[in-house]
Amino acid sequence: MIIRTIIIILLVVSIQGCRIRLIPDYDKDKDGVADSKDACPDVAGIIGMNGCPDLDGDGIADKDDACPDSAGASQFSGCPDSDGDNIADKNDRCPELEGPAENGGCPWPDSDGDNVFDKDDGCPSVKGSMGNNGCPEISDVQINKLSDYSKALFFKTAKNQLTDASYSILQSVSELLKEYPSAQFVIEGHTDDSGGDAQNQQLSQVRAEVVKNYLIEHGISADRLQAIGYGESRPIADNRTKRGKFMNRRVELRLLGSSSSANAGNYMPIFPIPAPQASDVEKLQRRYFGEGKTLEQVNQKLQSALDFKGYTRKAYFSVNGGFALVTQVEQTKTTGIPVDLPYRWVEEIEFSEEFSPGDIIERLFTAKVGYYRCIVFVVSDQIITFTDSPPTKGTSEYWLRKGATSLPSTIGNKLFNATYNVTALIYQFEKPENDPAKPITTTTIPGRHLVVTGIKNKLSQP
Amino acid sequence: MTTTFESAKKKLATLWFVSSGIIFLIMLTQTISGKFDNHLGDAWGWFIQSLMPTLSLVCTIFAFDTEDVPTSVRIVDPFHFRAAFSVSLFYLIVLLVVILAIGITKTPWVLWLKQSSHYLAVFQGILSVAVGMFFIKKKA
């Protein structure tokens with residue numbers, strides 16, 4: 001009989017999950033919640049909160065409330081977030097102003113008020129446009145003005161001396177260039193057809209350098225100026241007349257790489273520099289790209305290597321002085337080699353269709369982890385610095401969605417001179433089977449990512 | 001035809017102890033090898049939820065019944081025994097398949113075990129009834 005009773009009780013317990021009440025309940029704090037169920041048996045509280053009080057009435061019991069005197073949301077442990085920037089006031093350096101977590105909850109400063117934060121602003125003290133990294137854009141009117149100025153820069157015959165009238169014009173040119181601190185220019189030197197070709201070539205180069213040096217002496221940064229001599233190859237007037245020869249002995253200034261209003265369609269999103277902390281950084285040697293090329297030619301070389309290796313989706317961003325090329329996030333093996341399709345471009349962890357006993361046992365007893373990688377090629381004449389925090393996998397996926405699909409000519413026409421570097425920032429992530437992906441701060445194959453992907457090998461081919 | 005309760009009880013208990021032991025050893029190996037990673041609670045929660053109610057019932061009966069030495073031979077209806085034994089066998093095979101299938105399914109194992117709880121709950125109800133009937137319906 002005893003056994004039968006026990007069996008019945010156990011059955012009821014196992015099937016119904018009933019609780020058996022053996023001890024009478026007390027309610028010390030008289031809040032209507034029995035002590036056995038009261039999470040705060042010594043303090044009168046609310047029935048809906050298991051007998052605990054909630055002084056600020058924010059729906060979070062005081063014992064779980066980091067700010068029991070101020071009403072707040074549950075995601076901030078009951079603390080308020082006055083400016084709605086998802087950072088609780090107690091952790092917010094600027095609780096009244098909305099700002100990102102990376103800046104302690106304060107808005108990024110924008111000294112010139114051009115809506116481009118100082119950290120991303122190439123010209124933080126001069127109002128500019130977003131499409132031009134916060135620097136002012138040269139309007140078509142100003143470009144025409146510059147063109148008119150440059151038409152009036154002339155040299156004495158067979159000399160590298162400017163005519164007297166040209167100096168005052170050059171002064172006006174330097175004033176105009178100072179208004180656009182991010183704009184870059186090519187100074188083209190030309191001669192008439194008097195003398196030999198080689199001599200004229202040299203003379204035109206020297207003439208271009210003369211103008212360049214004058215502008216540098218008058219406060220224009222040397223980085224913004226490039227002098228090229230064309231000799232007598234590009235006349236603009238008849239060399240048979242004295243007037244024509246005079247017109248051909250000239251220097252012209254051509255705008256390079258600064259978008260004007262006419263180029264508004266070339267707006268490029270900006271890649272953040274300082275860049276998020278990378279898993280690895282690989283610098284590509286200049287020999288892969290050759291000399292005397294433009295950034296567009298560098299881009300084509302990179303693009304062809306990436307296309308060949310299956311990276312068909314890419315996104316472009318502008319960076320100071322150049323561009324960034326972001327590849328789609330790919331899944332890799334632990335060795336860094338991309339996994340086969342269809343798993344290469346999807347989040348689902350690679351799954352071998354092999355069902356040998358060894359494979360099954362391995363999958364049964366070992367944790368599955370997916371590895372992912374995004375490569376960002378930065379072609380720039382600026383130094384790359386990094387923030388302390390790495391990006392999330394979501395951020396690198398966002399880059400691909402946000403970036404432009406091609407490189408605009410305003411950037412592509414820039415010359416890939418000796419000051420430029422091509423740097424690959426490697427962002428790696430690992431995703432355990434049942435958890436979200438997390439960044440890998442130190443790669444297991446330093447300096448080998450572009451080798452194992454085959455990109456370096458393809459780049460080295462002519 | 002009848003079966004003695006002692007013999008039937010031993011067969012049922014053996015089935016449960018051996019099967020539970022196998023599943024426990026598999027999961028212990030998975031725990032040691034790191035398969036469960038940060039989700040030990042999910043894995044062993046599934047084990048406790050799927051096995052412990054019926055296993056503790058079998059253990060309790062086994063322990064209590066040993067103390068209470070019968071004075072006469074007790075018999076049990078073969079139908080009740082076969083029902084309890086076959087439902088137990090089927091349920092334990094399903095449990096074993098669920099845990100072994102982690103090695104062949106694409107579904108992340110936490111989700112796989114959570115999904116299994118839905119259909120295992122149905123079997124568990126039937127199982128409790130079948131095992132309970134077997135123990136209750138014995139006759140002196």
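Below, chain A is the first sequence line, B the second, and so on; all start at residue 1.
Between atom CD1 of residue I26(B) and atom CG of residue L364(A) there is a gap of 7.0 Å, rounded to the nearest 0.5 Å. Note that the CD1 atom of I104(B) and the CZ atom of R363(A) stand 8.5 Å from one another [nearest 0.5 Å].
Applying the 6.0 Å contact sphere to CZ of F308(A) captures no more than 12 heavy atoms from other residues, nucleotides or ligands. Surrounding CZ of F386(A) are more than 12 heavy atoms belonging to other residues, nucleotides or ligands, all under 6.0 Å away. Within a 6.0 Å radius of CZ in F17(B), more than 12 heavy atoms belonging to other residues, nucleotides or ligands are found. Annotation for K333(A): atom NZ counts as buried by contact number, over 12 foreign heavy atoms lying within 6.0 Å.
Contacts of residues 38-52 of chain B with chain A at a heavy-atom distance below 4.5 Å involve N38(B), H39(B), listed in sequence order. Within residues 429-445 of chain A, the residues approaching chain B closer than 4.5 Å by heavy atoms are, in numerical order, P432(A), E433(A), N434(A), D435(A).
If you measure heavy-atom distances from E362(A) to chain B, you find no contacts under 4.5 Å at all. The part of T105(B) that comes within reach of chain A is its backbone (N, CA, C, O), which places non-hydrogen atoms under 4.5 angstrom from that chain. In this structure, chain A has heavy atoms under 4.5 Å from both the backbone and the side chain of L100(B).
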Criterion side-chain contact (heavy atoms from CB on, under 4.5 Å) on F365(A) and K35(B), from CA distance to verdict
CA-CA 5 Å; F365(A) 292 109; K35(B) 174 71 184 175; 5.6 Å; no
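Between A367(A) and G34(B), the shortest heavy-atom distance links the atoms CB-O, 3.5 Å. For the residue pair K106(B) and K368(A), the shortest heavy atom distance occurs at O-NZ, 3.7 Å.
Between the S33(B) side chain and the T366(A) main chain, no donor and acceptor come within less than 3.5 Å of each other.
Residues satisfying the salt bridge (Lys or Arg N to Asp or Glu O under 4.0 Å) test with D307(A), not counting sequence neighbours, are K314(A). Under the rule for a salt bridge (Lys or Arg N to Asp or Glu O under 4.0 Å), the partners of R344(A) that lie at least two apart in sequence or sit in another chain are E330(A).
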